[in-house]
Amino acid sequence: MPVPIPALSGQAKRTQVRRIFASIAPRYDLVNRLMSFGQDRAWRRLAVASLGCDPGSLVLDLGTGTGEMILELRRSRCRAIGLDLSLRMLERGKAKAGSAGTFVCGDALQLPFAAGSFDGLVSAFVLRNLEDVGLALTEMRRVLKRGGRLAILEIIWPDGRLMRPLFAFYFGRVVPLLGAALTGDPVAYRYLPASVRAFMRAGELAQAVAEAGFAETHWRPLALGSVLLLTATAREARGMPPLEG
Ligand SMILES: C[S@@+](CC[C@H](N)C(=O)[O-])C[C@H]1O[C@@H](n2cnc3c(N)ncnc32)[C@H](O)[C@@H]1O
């Protein structure tokens with residue numbers, strides 16, 4: 001019987017996202033390393049560098065998962081807080097990177113931080129898992145200081161005529177088999193390509209970031225256009241609450 005693809009919207013999505021990350025937490029890093037051909041750490045390093053934060057800056061890693069980004073932030077001598085909804089992912093993060101930052105259980109749609117708390121915010125491969133991307137971006141801006149820097153990494157369905165079928169084969173066929181074999185969870189790695197396919201394209205995400213009150217929005221494709229690194233700066237904007245800090 002074919003494995004069903006999990007829900008891609010609403011409360012059902014949130015429940016499934018929680019279940020999926022609890023289930024794959026022990027093998028998450030291994031699958032990432034293999035399916036990205038060892039490139040995922042380099043992408044996170046680029047994201048941290050693109051924040052341009054001074055040593056000692058306070059940076060939030062939103063959807064920190066197993067804390068890989070916290071390790072990169074420490075390398076750049078930033079003070080890091082990692083937030084995630086999944087206790088199982090956080091446990092792995094704390095075990096691996098507990099001395100490099102602080103780990104907090106919380107929701108990207110309702111951040112447990114005062115306005116203007118952070119100099120920078122980084123979020124890798126999280127947005128397409130959320131029920132409301134616009135609300136998450138508004139929350140990101142709220143907790144950043146005026147001029148605070150944002151860096152987002154996300155997997156994007158590539159547009160190129162050559163890359164599109166290659167990606168569809170690799171991501172739609174090979175990765176689900178690899179993920180299922182390594183984690184024992186066939187649903188999780190069918191959800192992955194389905195969530196990427198359903199997510200925004202690069203230009204749409206850049207527009208959503210600008211509409212949430214960010215300026216200087218730039219994005220660059222990585223991995224032949226299948227990964228996006230988007231950076232922006234929190235700004236005062238008409239119709240948006242004033243920034244603090
Ligand atoms: C694909 S993982 C990315 C983990 C990490 N950022 C990385 O670079 O490997 C997505 C993470 O987002 C978290 N997540 C999903 N929905 C969330 C929410 N509403 N609030 C906070 N974290 C959430 C998941 O629990 C998971 O750890």
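Start at 1 and go down the list; that is how both ligands and their atoms are numbered. Numbering of residues begins at 1 and proceeds along the displayed sequence.
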**Study point:** Contacts of Arg92 that satisfy side-chain contact (heavy atoms from CB on, under 4.5 Å) - sequence neighbours left out
**Key:** Ala25, Pro26, Thr66
Exercise for review: Look at Glu244 together with Lys145 and state whether they make a salt bridge at an N to O cut-off of under 4.0 Å.
Suggested key: no
Check your understanding: For Val209, what residues pass the side-chain contact (heavy atoms from CB on, under 4.5 Å) criterion, not counting sequence neighbours?
Key -> Leu137, Leu150, Ile152, Leu205, Phe214, Thr217, Leu230, Ala232
Exercise for review: Please determine if Asp54 and Arg77 form a salt bridge, counting it only when a charged side-chain N lies under 4.0 Å from a carboxylate O.
Suggested key: no
Mind listing the N or O contacts between ligand 1 and protein, cut-off under 3.5 Å?
from     : atom 1 : to     : atom 2 : distance (Å)
ligand 1 : 6 (N)  : Gly63  : O      : 2.7
ligand 1 : 6 (N)  : Ala124 : O      : 2.9
ligand 1 : 8 (O)  : Arg44  : NE     : 2.9
ligand 1 : 8 (O)  : Arg44  : NH2    : 3.2
ligand 1 : 9 (O)  : Tyr28  : OH     : 2.7
ligand 1 : 9 (O)  : Arg44  : NH2    : 2.9
ligand 1 : 19 (N) : Asp107 : OD1    : 2.9
ligand 1 : 20 (N) : Ala108 : N      : 2.9
ligand 1 : 22 (N) : Leu85  : N      : 3.3
ligand 1 : 25 (O) : Asp84  : OD1    : 2.6
ligand 1 : 27 (O) : Asp84  : OD1    : 3.3
ligand 1 : 27 (O) : Asp84  : OD2    : 2.7

Point to revise | Centroid-centroid distance, Trp157 to Phe199, less than 6.0 Å | key: no
Exercise for review: For residues 20-70, pull every pair meeting ring pair (Phe, Tyr, Trp, His ring centres under 6.0 Å), keeping only residues two or more places apart or in separate chains.
Suggested key: Phe37-Tyr170
